[in-house]
Amino acid sequence: MFRLRRYRVVLVCAFMITVLLYHVSKNSQWDHSREIWRGNMGPDAQARPDPRPPPPPASDQGHKEHDAYGTEKTQDQQHGPPPPSPSVPDAEPNIRIPQLKDTDDERGDYGLPTEPATLPEMKPGTRHNEYSGQNNDGGVQVPPDAIPLAIHWEKPFEWFPVPEESLIPLPTGKPKPIPSVQFSFAEESPAAREKRQQRLAKIKAEAQHAWAGYKKYAWTHDELTPVTKRAKDPFCGWAATLVDSLDTLWIMGMRDEFDDAVAAVKEIDFTTTPYREDIPVFETTIRYLGGLLGAYDVTGNDPQYRVLLDKAVELAEILMGVFDTPNRMPILYYHWKPAFTEKPKRASTSAGVAELGSLSMEFTRLAQLTGQNKYYDAVARITDAFEDLQNRQNRERGTAIPGIFPEHLDASGCNRTAPPPSSLENSSEAARAQANNDDLQRAPAGYEAQSAEGFILDADVRDNTGNHRGPQKRADGPPDSAQTPLNAKGLPANWDCAPQGLIGSGWGGTYSMGGNQDSTYEYFPKQYLLLGGLEPKYRTMHEKTVEAVDRHLLFRPMAEGDPDILFSAKAYTSDGTLDKMVYEYEVTHLTCFLGGMFGLGGKIFDRPKDVEIGKKLADGCVWAYEIMPAGVMPEFSHVLPCKTRDGCHYDQEAWYTALDPLAERREADMAEYYTQLAEWKERVEELKREHALQKQADERARQDDSQRQAAAETVRTSVPTESEDSPGALKEKIKRFQDSFDLDSDGTSGPNQQPISNELVLPPAPVKPSTHQEYVGQRIKNEHIPPGFVTLNDKRYILRPEAIESVWYMYRITGDPSWQEKGWRMFEAIITATKTEAGHSAIRDVTTDDPGNDRAMEDSMESFWLAETLKYFYLLFETPDVISLDEWVLNTEAHPFRRPT
Ligand SMILES: *[C@@H]1O[C@H](CO)[C@@H](O)[C@H](O)[C@H]1NC(C)=O
Ligand SMILES: *[C@@H]1O[C@H](CO)[C@@H](O)[C@H](O)[C@H]1NC(C)=O
């Protein structure tokens, strides 16, 4: 409370000074920068940054449910983009007034900043001294730091440093000989060259189209929204598409565009963002850090482009803060504001395997380029933890499938079921830990999860003797009463807990090569290459992985024409053992990288069988593209597996049964229906008989009536007097007659119509249920299900690269030109389905043959479209010496790093 009120006073002052400054500087240099930005504003230049909380990371898994078999189904893998947000910063005024928050709206005990919206408007490249008054000509003297307009990351105190002498150094020595990856291509014929170059030009034209749209409508923002022609910033607004595309521009020979982009990179300020409270560490590493390093490498580390490396270091220095935990396992969503970074933290108890394990290549390459072992140390410790887990069986809270990992891991290093060492007063263990001064093995108790990601102390950590172990006391720190007793290390007294390695989160476990796991496995062989074969553990880890995948996850789908193809299933165990394993035969676009991984590992570790598996995996994804009406594979679906991988014949009846798990009940329903129908018919006959009898009786009565009327008529014509059949009485009679038919009051059978005859009203017939055949036919028709597929859970295609990635690896590895033909068909189908006026867009439904109309577009063009998908297509038709796999190794975002020679 106290702190927030103080903060408010500061904000009010800031507000007033800001207004003053704004007026003074209207004609100053600020106009210059405003001009620059306005020139690139989209139509929504007045829109405010999206104050909504940031979207979950792209690799997050959606909620799970169980199907009729009890198999786990993942409904929504949330690979998609975050909801579109008109998050283009203001063109004018350049400075936004911080919103004042009600102090009652205090969030948590951590002095959490209340809202992203309290940040001023910031743009990439605007450092806070530009707001401080130093730049203006008006001569107003304002101390630069008096205006907290933007909060910036600051280098925090390090709680758990690795002593210099304990750093794990980059392996050194002469790189080991590694078998070549690429096929030894022969000279191509002039005809082949011409065809290839034509295709290459078409692919480049699409990249130019997408880049032009980004430049025009979303320059320096994270993403173009290719339908509405705006920008959005899901990745902190540091120009994700721009950074991610750099090496693609270089490879495609778009040097002017490359130089423009490098100039913009200089202006990126990684120390602040108005868009997010937390930095998504995995995405930031693979896209931004990988993008900068890949771009620097493709220039041949040209000193002219040194800024790329400098920026990579700038970003990495911020990211290094995530490793400052007792066991050096990283925080994966880094709350970057000083109020958070200054506190001791602990890694998540539920960390995604992919996010934890896919930082290694980028930090390794950075260590190589800078000679700084600390970057390598940071990721080497994660590898070591994975190596330990890979070999630990489930009875030791390890893995149920040795070789691969459960999808979510407790990386906190803290065994909460064991008593903390400090509670074992003067026990030998506690004494030893103390004597070793071994911070790295300590773990806390008394922590609270910080949005399931990392742990932050429940109270500020300070030492009132002035003997600071932690950061200096901050002006906006908590009142003194919040102090807790400290231990000898300046940490709270309750910090200790028993150490443990990586273990699965919870007792069950999900195992797959899909979105939450993929790139951790992908990086084992790639790290081996990047390190020149000098670290053998990456080889053994890869070999254990592929053996486990081959044995437990790969399956052949049952498909028309019996193609010999493979996919990787998802396995789920409820109790952490192999006995209880249930399989889900999923086909997901993300898993399509696997062909490339098997192919690459098969070549460099001389495992020809793996190359063959890689081909079948790559062909599986090609099949999934070609079988869809749009010619593009859906994001997430299920197929029917063959009984074995060796032989399999397409069996339509089996497919129908898979499409209709209730087939047997449908038979019972049908029998029931026939019984009801027979009863109904009997009843109808009975009613008809009754009705006929009634009709006869009515007829007789009517005849009697008319005889009486005729007699009356005779009387009336001879004696014209009033009778009981006077006009009034007759009308009344007709009305009664009509009422007896219960006529509608809406006049449809109103008084002007002939009275309808007294019809037989029958009871409703029983509704015929669908037969198994009918039901299946309806499903296939309504859901556009191609043969072999069982469910199409997510029909989108979001411009993903993994399928063409594997096709490219297969082409470079085998030299078989049929891969180019497969890739070309994919390219044409994708462009037809996704092209918009401003770029290319994710589409909603690949099961229709016209997904490319505006209404079926998702309005999203993620940065991997230019960084990966178009790059792989391009490289498939480039000469094989361009980004040769014998000289380069690509990170999971397709950024090429130089292999050591
Ligand atoms: C945690 O501690 C308990 C009790 O000492 C022990 O039985 C268990 O094996 C430990 N768990 C791990 C993963 O080390
Ligand atoms: C533990 O050891 C310390 C010093 O080594 C001593 O002061 C303290 O009394 C001991 N505590 C117990 C419970 O024996």
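All ligand and atom numbering here is 1-based and tracks the order in the structure.
- For atom 11 (N) of ligand 1, the protein comes within 4.0 Å by at least one heavy atom.
- For atom 5 (O) of ligand 1, the nearest protein heavy atom (residue, atom name, distance) is Ala418 CB, 3.6 Å.
- There is no side-chain donor-acceptor pair under 3.5 Å between Tyr288 and Glu362.
- Interatomic distance, OG of Ser350 versus CD of Glu407, reported as 9.0 Å (0.5 Å rounding).
- Set against the non-hydrogen atoms of Gln500, the atoms of ligand 1 under 4.0 Å away are 12 (C), 13 (C), 14 (O).
- Note: Tyr334 and Phe340 fail the aromatic proximity criterion, with ring centroids not under 6.0 Å apart.
- Close approach to Thr417 involves these atoms of ligand 1, each under 4.0 Å from a residue heavy atom: 1 (C), 2 (O), 3 (C).
- Only one option out of His542, Arg607, His552 pairs with Glu547 in a side chain to side chain donor-acceptor pair (under 3.5 Å); it is Arg607.
- For atom 8 (C) of ligand 1, the nearest non-hydrogen atom from the set Ile503, Asn415, Leu502 belongs to Asn415.
- Atom CD in Glu387 sits 7.0 Å away from atom NZ in Lys544 (nearest 0.5 Å).
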